[in-house]
Every structure is written in C-alpha cells, then in structure tokens.
Amino acid sequence: MGWQRLQDRINSIEEEPEDMETRYSDKAALACMINSEISAVLAVMRRNVRWGSRYVAGDDQMEHSLIQSLKSLRKQIFTWQPQWQSVNPVLYLQPFLDVIRSDETGAPITGVALSSVYKILTLDVLDLNTVNIEDAMHLVVDSVTSCRFEVTDPTSEEVVLMKVLRVLLSCMKCKASVMISNQHVCTIVNTCFRIVHQSNMKSELLQRMARFTMHELVRCIFSHLPDIDHKQKSIIRGSSALQSEVAGLGPDGLNDKRENGNSNSESNDNVSGALASTIESVVQTEGKDAVSFDLHLMTEPYGIPCMVEIFHFLCSLLNVVEHPGLGPRGNTIAFDEDVPLFALGLITSAIELCGPAICNHPRLLSLIQDELFHNLMQFGLSMSPLILSMVCSIVLDLYHHLRSELKLQIEAFFSCVILRLAPSRFGSSYQQQEVAMEALVDFCRQKTFMVEMYANLDCDITCSNIFEELANLLSKSAFPVNSPLSTMHILALDGLIAIIQGMAERISNGSFDPEPSPVKLAEYTPFWKVQCENYNDPNYWVPFICKRKYIKRRLMIGADHFNRDPKKGLEFLQGTHLLPEKLDPQSVACFFRYTVGLDKNLVGDFLGNHDEFCVQVLNEFAGTFDFQDMNLDTALRLFLETFRLPGESQKIQRVLEAFSERYYEQTPHIFANKDACLLLSYSIIMLNTDQHNVQVKKKMTEEDFIRNNQLINGGSDFPREFLSELYHSICKNEIRTTPEQGPGFAEMNPSRWIDLMHKSRKSAPYIVSDYRAYLDHDMFAIMSGPTIAAISVVFDHAENEDVYQTCIDGFLAIAKISACHHLEDVLDDLVVSLCKFTTLLSPSSVEEPVLAFGDDTKARMATVTVFTIANRYGDFIRSGWRNILDCILRLHKLGLLPARVASDAADDSDMSSDPAQGKPLTNSLSSSHVQSSGTPRRSSGLMGRFSQLLSLDTEEPRSQPSEQQLAAHQRTLLTIQKCRIDSIFTESKFLLSDSLLQLARALIWAAGRPQKGNSSPEDEDTAVFCLELLIAITLNNRDRIELLWQGVYEHIVNIVQSTVMPCAIVEKAVFGLLRICQRLLPYKENIADELLRSLQLVLKLDACVADAYCEQITQEVSRLVKANATHIRSQLEWRTIASLLAIIARHPEASGAGFDALLNIMSEGAHLSPANYVICIDAARQFAESRVGQAERSIHAVDLMAGSLNCLVQWSQNSKEAMAEAEAVKSSHDIGEMWLRLVQGLRKVCLDQREEVRNRALQSLRTCLLGVDGILLPNGLWLQCFDMVIFTMLDDLIEISQGHSQKDYRNMEGTLVHALKLLVEMFLQLLQELSQLTAFCKLWLGILSRMEKYMIANVRGKKSDKLQELVPELLENTLLVMKAKGVLAQRSAIGGDSLWELTWLHVNNIVPSLQPKIFPDQELESN
C-alpha cells in the first residue's frame, strides 16, 4: 500500500516540467561540480593544523580516512561520465556525509561539507530515476541529523546549525523526498525542533532561521495530506509499538540526534543538558497515550503515520505548562509563552494545509477532536492575548474545515472560553475581552455560523443556547454604559451587523417561509428520542429543528414551573405532551437529565426520596449516563454534577447504589461485584469530605485510604496503584457535592472533557446549512429587540461617519428581515427608534432648525433611513406610521416638504409620464403653497425657506448668509430629495391592506380631534395637511375604498360637526368628500349609495359655513353630476344629489352652476331614469320656483319638466314591447305615478308670481295632460289628477287672485282664463272614459262648482269681464258635448244621484238661461 502511494506521488512529480536552467544534464559539468566541492572541503581541512600537518608531511599512511575518501572520490568521478545514471549516489555523497558525522572536524569543515550536500540536493542531481535513491536519501537524513563537530566559537556553531536546517529542508523539498520514510521524516522534524529550542540561547538570526525551517517542514509534510487517497488512510494498529528512537519522538531519540563533540565547552554542555531535560519533560506526557505504528509502516515512504506522529507531538507541546521540568532560569518553555505560540503556529499551518482532508483519516481527526481541542480549551483562558488570538484562529480554521466533526467541541469552546472572556463580569482583562470579541466577530462573519449554532446547539435539548448567548453578548457589549464609545463597542456592533446582514443576504436566496407554521405536539412522544430521517435534506431537518426547539422551549418553561412547584412543573409538561399522562420513571428521569435550568437541590431531593416511584426514577436517571472506559472518580464527578447530593445518609446511599449499579454494569472488569463499587464510591465521598472540609483538622493519608479499602473487592484488595491514583485525584480536585448553578459558565475540567468526548460519539449529526433562510425567522425574533437597542445606542453615542454608516446598514438590514419575515412589531420598534434620531420629533430650541438639521449628519442620515424604510417596507409598518407622520409634520411645519407630497390620484395617474419626475428636487418644491381661506401662512416649501434666507428685503436688515449656511441648506435640500416622501402616499396603492389602514388611522390620529371654537393656526395647518394626505391616499386606493371609507368619513363628519365658522379644515373636508365621490363613483358601484349618502353631510353644514362655500360646492356637485350621472343609479343616490341641487337653487351665486348640473341630467332625458325621475322633477320644480336669477331659468326649468314627458312615453312603449304582461302592468303603474308627480310639480309652478313663468307652467301642464297618448293611464289616475292637480290649481289660483295685489301677481285674470280653459278641455277630452266611472258625478259637480266660483270671482276687487264671458261659453260648450255623447240626459241616474237634476241645479246658479237653449224640447222639472 505504501509503495503504491509512493508510485502515485512519483508519477505526479514526473509530470512536472523540469527547469532546464538548474538541471545538470551535462555529466561532465556534474563531475566538475562535485570535484569543486571536494576541493572546497579539502581546502578548509588544510587550514586546520590537525589536518594540514598530516598533509604536509607527505606520509600517505598518516592521512586520515576522511581525506582519503575525498581523494578517492576525486579519482573516480570523471570515470563515471558514460554511466552516470547508474552510479549509486551513496558513492559521491558518502565522503561528504562522513565529514559531517565526524566528531573530529571543526565547525568550518562541517559547514562546507553541509554546503556541498545542499548544492547536490538543490541542483536536482538526485531524482527518482537515480539508482538506490531511497538509501541515499536516508543516508543523508541520518548523517545530517547526527552531525557532530568541534565548537570553536559560537558564530561558527550557529553557521553550522543553520546549514543543517537548510539541508534538512532541502531534503523535504527535493523531488526525491517522496522516498523518505515516515521514521526519517520524524527524525528531521525532531532535529529541527531541538535546534529551535537551542537557538533560544543564541542569536536572533538562528532563532528566526530555525523557526522558519520548522514551519516550512510542517507545511511541506502536511501539504501532501489532501493528495493521499482516503482509501489508503487505514493505519494498522499493531500491538508491538516502536521504540521511542524508532518513532523519532521519544526523549532518547531526541538526545541521540545531534551532539557536540567538544567536551571542553562547558556552556554548550549546559545548553545540551538543559535542552535534553526540557524535551524530556515535553514528551513525557506521551507515555501511556503515545501514538505508535507497526515497524513496516514507519519504514514506508512518508504519509499518514508520520503526520499523525508529528501532529501528536505538536499537540503535546501544549501540555508543557503542566510539566515544568526545570526551574525558572533554565526552563524557557515552561515559563514563557514562546513554545505555545510556536506550537500553535505550526498547528495552524498544518490545519490550513490539510483542510477537510483530515476527515478522511480517523487517527488524525481523533487527535484534533480530543487532545488538540482540550489543549486549546486550556490555552484559551491564557492571560496572553497572543496565545488567545492564536487559539481563536485555530478554532476558526477548524470550524471552517471540520465543523461537522466538532459539534460539541465548538460548543465547549464558546461556552468555556469566549463567553467567559468576552464579558467583563468574569474578571478577564481588557485585552482578553478584546481578543475574544475579535474572534467572535470573525465567526459571525462566516455566513452560516450563527445558523448552524442555532440549528445544532440551540435546538438540541442537551446543548447550550450558544446562538442566543452570543447574540445577547454582542448586544450587551455594544452598549456604552456610562462610558464613551470604545473599540469594544464597535467590535460588538460589527458582529451584530455581520449576523444581521447575513440574514438579509439569505433572504435573496429564497426558499424560506415568511411565517413558519407553529409546532404542536398532538400526542406524547419521548422527547429525547426525536430523530430526523435525513440530516442532509432541508425538507426533513428544518421541520425537525423547529420541533426540537419547540420541545426545548417547553422544557425550559416546565423547568421554571418545576423550580417553583415540582408537582405543577410535571403537570405542565404532561399538558404539553412532553410527559405521558401517566408518569413513568424513564420520562421523568430524562426530564431531569436533559433539561437545563432545573434547581439541582430539588432534583437531588426527588432522586433521594424513598418513594418507590422516585427510586425507579433514580435508577433510570443513572441509566442515562455512559461510564464506559471512564475512571471511577471521573464518573462520580459527572454523576454528582447533575444534582445536589442530599445530606441524609439514607438518601446518599440510595443515590450511590444507583450510581454503582450503572458503573459496574459498564465497567465490570475492575470490580468483583456491584457492592464493591458501592463501598469504594462511598469511601471516595468520605475521602472528599475529609480532604476538603476545613473543619477536619487531621486529614486522611494515602495509607489510611488504602487501609480503609482493604478486602472490599469481593474479599480481595484493589491494586494499590488504582487506589493511589484515586486518592491523589480526589486530593487534587474536589468532587463538588453542591454543583454550580445559576448564571455563568462552568470551567472545562478533565472529567467534563471526558464526558464531552463520550457524548460526541453519540451526538446527533452536525447539520450543515446552506445559504438559504430556513431558520432566520425564529433566530431574528430572538435577537431583534436587543439588536435594535444596541445599534441605536451606538448610533446615539457615535461621532464618526463610518460608524454612522455601519449603524444605518444594520438598520436597513433589520428592516429588510423584519419585512420579509412579516415581523411587523420589530419593524415598528425599529421605526420608533430611528425617528428619535431625526431630531424632528423633539421640540427645537434652536433659532434656525433648518440650518441645524443641515449641519447634523446623524439626523440627516436617520431621516433618509426612516423614509427609505417607509418606501421599501411600508407593507409591514403598523404603529410606526405615527412616528413617521410626526417626522413628516415637522418637516411640513419647517416648510421642507416637496409640494407634491399630498398629490392625489388624478395627479398620480400622470406621474409615470411626467417628464419632470426625474428632475432635481428644486423643480418639484414650491416656493409657496396655495393658501386655504382663513389660514394665512408664510411661504412654505424648501425653496420658500431658501429664498427667505437669500432675501435681503425684509423688515429687519440681515447680513448675507454665510457659505456654511448655504451649504447647510443645500445638504438639507439633498436630504429631503433622497427621502422621496411623496412616494409614500402616491405609491400607497401598492401597500398591503393592513399597512394602508394603519397609515390612514395614523393620519387621522396625527390630525387631532377637531374641537369647536378657535384652534391655533399651527394646529389647524396640521389638521389640513393630514386631511390632504388622507384624501390623497383615499383617492389613490379607489380599489380598496371599502377598507378606508368608514374611517375617512367619520373623520370628515367630526370636522363638519365641530365647525361653526368657515375655515380651511372644513373647506378641505367638504371638497375632499366631494372629490372622493366624484373620483370613485365610476369604479365603485357597490358603495355608490354609501358615497352619495355621505354628501348629505353637506346639508348639515352650519348655515354660515354653507353660505361661504356654496358656490364652490355647487361647482363640485355639478362636476360630479356631469362626470358620473350614468353611474348614479339608485333612488337613494339621486335623492342626495337632488337635495343638494334644491338647496343650491335658492343661492344667488350658486344656482347657475346647479341648474347646469340639472340641465345636464334632464336635457332630452339624457340621464333620466325611473330611479331618478321623480327626484329630478322635484329639483327642476325648485329651480322653476326659485326667484334667484332671471325668469328665463325658471321657464327653462319648466320646459325641462315638460320635456321629461317624452321619457315616460318611451319607457311605457319599451315596457310593452320587452316585458311580460305582469311586469308591464307594474311598470305602467309606476310610470303613471311618475306622470302624476310631474303634473303635480307643474301645478305648483303654475302658482308662481311671475306671469311668464305661470303661463309657461300652465302651457306645459296642458302639454303634459293632453300629450299622454303613448302612456296607458288608468281612469282612476285621471280622477286623482283632477282632484290633486287641476281642481287644486284652480282653487289656489282663485285664492291668489283674490288675496294678493296686482303688483305681486300681474295679469292673474289671464292665468285664470287659461286655467279654466284647461279644465274644460281636459274634461271634454276624457269625457267618454270618465263618464263610465262611478265617481263621474262627483267629478262633474266639482267642475261645475269651480265654474260657479270663477263666475262670481272678484279680480282686483271687481268682477272679471273676461271670466263673465268665458264661463257661460265654456259651460254651454261642455253641456252640448255631454248632450251629444249621451252623458247628460233626462232621468239619468249615473253615479247614484240624478245627474240631470244636480247638473241643472248648478247650471241655473251660473247661467239660468242655458237649459232651454240646450234642451229646447225638454220640460224642466222643479225641485
């Protein structure tokens, strides 16, 4: 397997292009190069007295073997040219390596020989095709790591050491390095490590060189790990371990690597001895846990075995604090942060290069999970900021590459390191706090870190709420409590912003439920057994996570109830289906075991109770622990940490019995039986009390403890070493029978770490989240409140624009998240917080608030942010609209709003095509608003304010504004432009219904409740402005008018009812109401009745107010009618319009416009319908009777009434053609009623004082009475017409003529004549139909009585000649017609009375001579 891996690496090397500049392809040149190196070594040797004297003597027999070998090599090298590739490299390397290993050579000679070897290695003389390359590389490593030389001076020694480092590094970097075995790689690393620590006593150059080489070696070795096939990762765990010197990591092997040859150098011996002792102390910890491999694995080409050995060695360097070894003077490792930093740096390099490939190699992964992380936890609490920083960096790397394998380790790191050091309350230094906070912020910048912490830890009932704790830590750390803003506050802010922005970015990736469905447990399920079917599929793990979080929250609530009353706590959990209806021991035991926050005193009392159920719970509770492969004292510590051991001996015995039974069950090889385990456990508790109770003066000795536990293991003794280890463990580390509880985080002691490693093997798989917002809704709900508060406080205290911008980015991200997850309350809180920073809500005490606003960067940024949120996320703002409106009103009072803020729907409809929309704000701001009557205001609008500043023509002379003032105004102008305040209202049609309704309510609230009497101009101006905005959004949301209408109408009603004098607010209310109706009637037929009914409010205006606005109201009503006549359909709607028109008819200034509206409706029957006919006739009559305006208008109104007869005729014909018989009859009846109302209305106008109007009305009445041929009128209706119209008109006319002067009613005589003629004409035309009626006699007598009355009537105080002439004539003609048609004949009894007698009785009173004239042949009978 190893050779196959080697072949793969060889192939990869062969594929690399060769550098022709460094490759020695010329064999002669290669020989010359080696020859020159031989010459160099010999030359240096000749300079030495020892070597030079021998050479000068010329006695070849006296020459040293080193010189002989060099000379022999010189003789051979040029003979190898033809067969150079087949030459064994050992032949030309051996002489140099012999010099290096010789203890007779001095430092200069050794240094030159090392340089020669270095040149051969770096010039690619050796490659994979070279013969015997493996032995050659091993020879080089063995020789260099065993380098010996005489020390003549410190400088030359350091030079040699640096060259040793250089050669060893070149061995690992050359192409033939793949041939080096695992054993030799370990040897190289250990040699370099010795030099590193020996260099502490030498120059800084050597120190730097040694450390650099060590780093390069680690990088070179571990960079190959990703290339190793994971199928070849298995390591044979043989029983026979290598000797320390073979493995290359034992103390003996390290001491034998390199020695100094000069025994006379005292200083060097001291260094060597100190180093040996120190290294021995470093590696002493590997005694029982040393990583060992089979011999054949260590001799294979290097790979996983050496990497595991080296990494284990690097981890062991972090244990050095526990093994001082030497005193403060000599032990540079134990009393200096240098070695931990150095080791951490090497470990960092290894992890960075290996990356996720570590997961493929269990032994390497196991080292990281256990030893490395445990050491990191210890060094994480170091007082050294450098060490802490390195530890945090390593953990970040491990999280990035291996987090799926380090779930509980990461939890422990944050619980025991970050959350202990970052807050100041646990006594950490400021530097520690800062480094911990920096590390936390780095983690927060990992996009999925917080999501995974929440999913894997916060939602796991056995883990801490790390996400929640970290979020709270950042929020609290950002608060500058009674102190100025510091780096720590900014750091915490950066962390919060990173988390929030990560959530905001995930929203864009989709795949999230804005409002996740709530979790409910319908039935009992063991909460500790809840599992996920697939931890890799979000469709499975997201619901699983939500369910698990729900369970955890309920357990926490249950724990709170339990701490107050255990019985009620258990009942609560039964009610939430977390415990069964009938409690069983296992479920209660698991509740005690896995629920955080329980009162451990209560748990201990429950478990120690003698009740049978409690005893069963205790046994089940003990069964939840995993004591396998765990020391007795460690297991006991873990067991007693979960509750408080009761004080009563019987309870203690029951608890220890349960513990002993469980421990014996899992570790039976130590004890003879469970009673032995119980006795020893009890003995440990007694020893613990004895050793750590201050009241015990005479402490138990080790011998006492061993003697007390004799013969308890089934009649035999425990091993002395076993009891001794227990004794020292208890003495050194107390078992706390009163465990910690309450706030704070426990320290990671060895027993807890062992428990953590046990749990990690059974922990649920780590959920790796992608970049989608599956859980952000719940996460954000947890942290939103503290986050908003923290960012707000920082923003308030900050004085730097960069910090301002950071806070603003955070605010916008919070707004985005709140909106997308439908967290309206959060968004409202954010808006409330931001509005405070605009300075617009606080009463301004400055003389020029506009200038102050322009100079306040924070206020301007906050203002832009508020309105950006309102424009982007207005759909989800609720109560926050009130605060936003407060800001708008403040800007309005300062005259800083664009003129288009209150644009209504009509204006908005053209916005998209408005070419000026995109122009600068200066074009959209008015210098003054149109002033409402009664509310004089100074010029407003931003340009108005600006022009006031620039104007010099004021009453009081002013100096010209400074550049600073002009700049401030310009900044203010640009700020308002960025706000796009007008878009809030013009784009309100896109708001969700709930938000729109809240906006409308906020406007009504901001306007204030109208009060009778005088209000301040400022309050009225505010009310007017709010009403404008309210009307604007109403018009912009015509499709949702039902949502807004009730509130808008009630607000307008309150205004109208509380106003007794003309003012701007009532004007805006009335005309706004009219405009709403005008705009919405075409689109909202379903509420047309309600809209038009609202116009009755105009009828309720105070007389003074109505008179002031009557003309404008008329114009609006006229527009309403003209534009929407076809949309006004119901009788109720028309009645409202007619009522308004009727009032208008009597107003001098408004009647003209009102009549135009009526004309538009009735002209040629354009908009007349059965629904509005009667109403319009009444309205026309009002205009006809009105004395306002010229008589022509009244005559025109009469003509309109008469002309409406055509509509009745048309409707009648249509009903005959299109309707069924029953429907036609009903329609005919309705039309008859309308006709009757028409003639009744004309009858009233016939009484008008104006002659021309009276006569036109009479003429029109005649037309309407005679022109009904197309209408089928029942005879009974004609009787009503005579009674209600003709007779009444005649009676009223005669009464008027006798009771009024000629000045009031001119030419009444002529009117009476026409009226009387109309009576006779109508009677004669209808004589045939009327004579058939039973009431004919009554009708006929009524006609005769009117003729008689007219015959004797006095007009202008005397008899009327015209009437005197007309009445006999009309009577005679009538009688003749009646005679001719047979209606009037002697002895007729039509009507039940004798028509004949009654007729002549009346006729004789009028014209006595008519009967003989008409009936000459008849004989009159006397009465």
Side-chain angles (χ1 to χ4, degrees), residues 5-24 30 33 37 89 93 96-97 100 111 113-130 133-145 147 160-196 206 208-228 248 257 300-304 306-307 309-311 314 345-346 349-350 352-354:
R5 181 166 68 251
L6 171 63
Q7 188 60 45
D8 294 340
R9 290 162 65 181
I10 290 173
N11 294 337
S12 65
I13 292 175
E14 288 177 346
E15 293 174 359
E16 297 179 3
E18 295 186 353
D19 187 349
M20 298 307 296
E21 294 181 2
T22 60
R23 182 73 177 170
Y24 269 72
L30 181 57
M33 183 273 291
E37 293 304 317
L93 285 172
F96 298 102
L97 298 177
I100 293 171
L114 287 167
S115 297
S116 299
V117 175
Y118 174 74
K119 181 180 286 187
I120 295 172
L121 290 172
T122 56
L123 294 180
D124 287 342
V125 175
L126 304 178
D127 60 21
L128 299 176
N129 297 320
T130 305
I133 184 61
E134 182 179 2
D135 292 340
M137 292 303 297
H138 291 166
L139 180 62
V140 172
V141 173
D142 289 337
S143 300
V144 176
T145 55
C147 173
V160 173
L161 292 176
M162 283 191 282
K163 289 186 177 183
V164 168
L165 293 170
R166 189 169 63 165
V167 172
L168 292 177
L169 182 58
S170 65
C171 287
M172 294 304 302
K173 286 190 172 183
C174 72
K175 291 184 178 181
S177 64
V178 294
M179 307 302 298
I180 303 175
S181 69
N182 287 298
Q183 173 186 337
H184 285 86
V185 170
C186 293
T187 303
I188 291 172
V189 172
N190 285 327
T191 301
C192 291
F193 181 75
R194 287 190 63 194
I195 297 175
V196 166
L206 178 61
R208 291 179 179 273
M209 179 68 178
R211 290 169 182 271
F212 170 77
T213 304
M214 193 70 179
H215 273 96
E216 287 299 305
L217 282 174
V218 170
R219 292 181 62 83
C220 185
I221 295 167
F222 284 92
S223 63
H224 291 292
L225 183 66
D227 300 329
I228 299 176
K257 297 298 179 182
E300 284 187 354
Y302 81 92
I304 294 300
C306 75
M307 294 182 190
E309 293 283 358
I310 293 169
F311 199 85
L314 295 178
L346 296 177
S349 296
E352 289 173 349
L353 291 166
C354 295

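Because the structure is predicted, anything quoted here is derived from the model rather than measured.
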Note, C174 side chain near M137 side chain (heavy atom, < 4.5 Å): yes
From I221 atom CD1 to M172 atom CE, the distance as rounded to the nearest 0.5 Å: 4.5 Å
From CA spacing to verdict: side-chain contact (heavy atoms from CB on, under 4.5 Å), L97, I100: CA-CA 5 Å; L97 298 177; I100 293 171; 4.1 Å; yes
Non-hydrogen side-chain atoms of V140 and I120 separated by less than 4.5 Å: no
H138 versus M179, closest heavy-atom pair with distance: NE2-O, 3.3 Å
Partner residues of M162 under the side chain to side chain contact (heavy atoms under 4.5 Å, CB included) criterion, sequence neighbours left out: L205, L206, M209
Geometric class of the H224/Y302 ring pair [parallel <30°, tilted 30-60°, perpendicular >60°]: perpendicular
Distance (rounded to the nearest 0.5 Å) between D142 CG and D135 CG: 10.5 Å
Interatomic spacing from CZ in F193 to CG in L217 - rounded to 0.5 Å: 13.0 Å
From L314 atom CG to M307 atom CE, the distance as rounded to the nearest 0.5 Å: 12.5 Å
Heavy-atom pair of closest approach, residues N182 and G303: OD1-N, 2.8 Å
CG-CG distance between L93 and L121, expressed to the nearest 0.5 angstrom: 7.0 Å
Test side chain to side chain donor-acceptor pair (under 3.5 Å) applied to E37 - qualifying residues, sequence neighbours left out: S116, K119
Set of residues satisfying side chain to side chain donor-acceptor pair (under 3.5 Å) with respect to S170, sequence neighbours excluded: none
Residue of the set C220, C306, S177, P301 for which side chain to side chain contact (heavy atoms under 4.5 Å, CB included) holds with V185: C306
Atom of E309, atom of C186 and distance for their closest heavy-atom approach: CB-SG, 3.9 Å
Partner residues of S143 under the side chain to side chain donor-acceptor pair (under 3.5 Å) criterion, sequence neighbours left out: none
By salt bridge (charged side-chain N to carboxylate O under 4.0 Å, His left out) - contacts of R219 (at least two apart): none
Non-hydrogen atoms of A210 and L165 that approach each other most closely: CA-CD1, 3.4 Å
Intermediate values then yes/no, side-chain contact (heavy atoms from CB on, under 4.5 Å), V144 and L114: CA-CA 8 Å; V144 176; L114 287 167; 4.2 Å; yes
Qualifying residues under salt bridge (charged side-chain N to carboxylate O under 4.0 Å, His left out), relative to R166, sequence neighbours excluded: none
Atom pair CG (L161) and OG1 (T191), whose distance is rounded to the nearest 0.5 Å: 11.0 Å
Closest non-hydrogen atom pair between L225 and C354, with its separation: CD2-SG, 3.2 Å
Contact summary for P89 and A136, nearest pair of heavy atoms: CG-CB, 3.5 Å
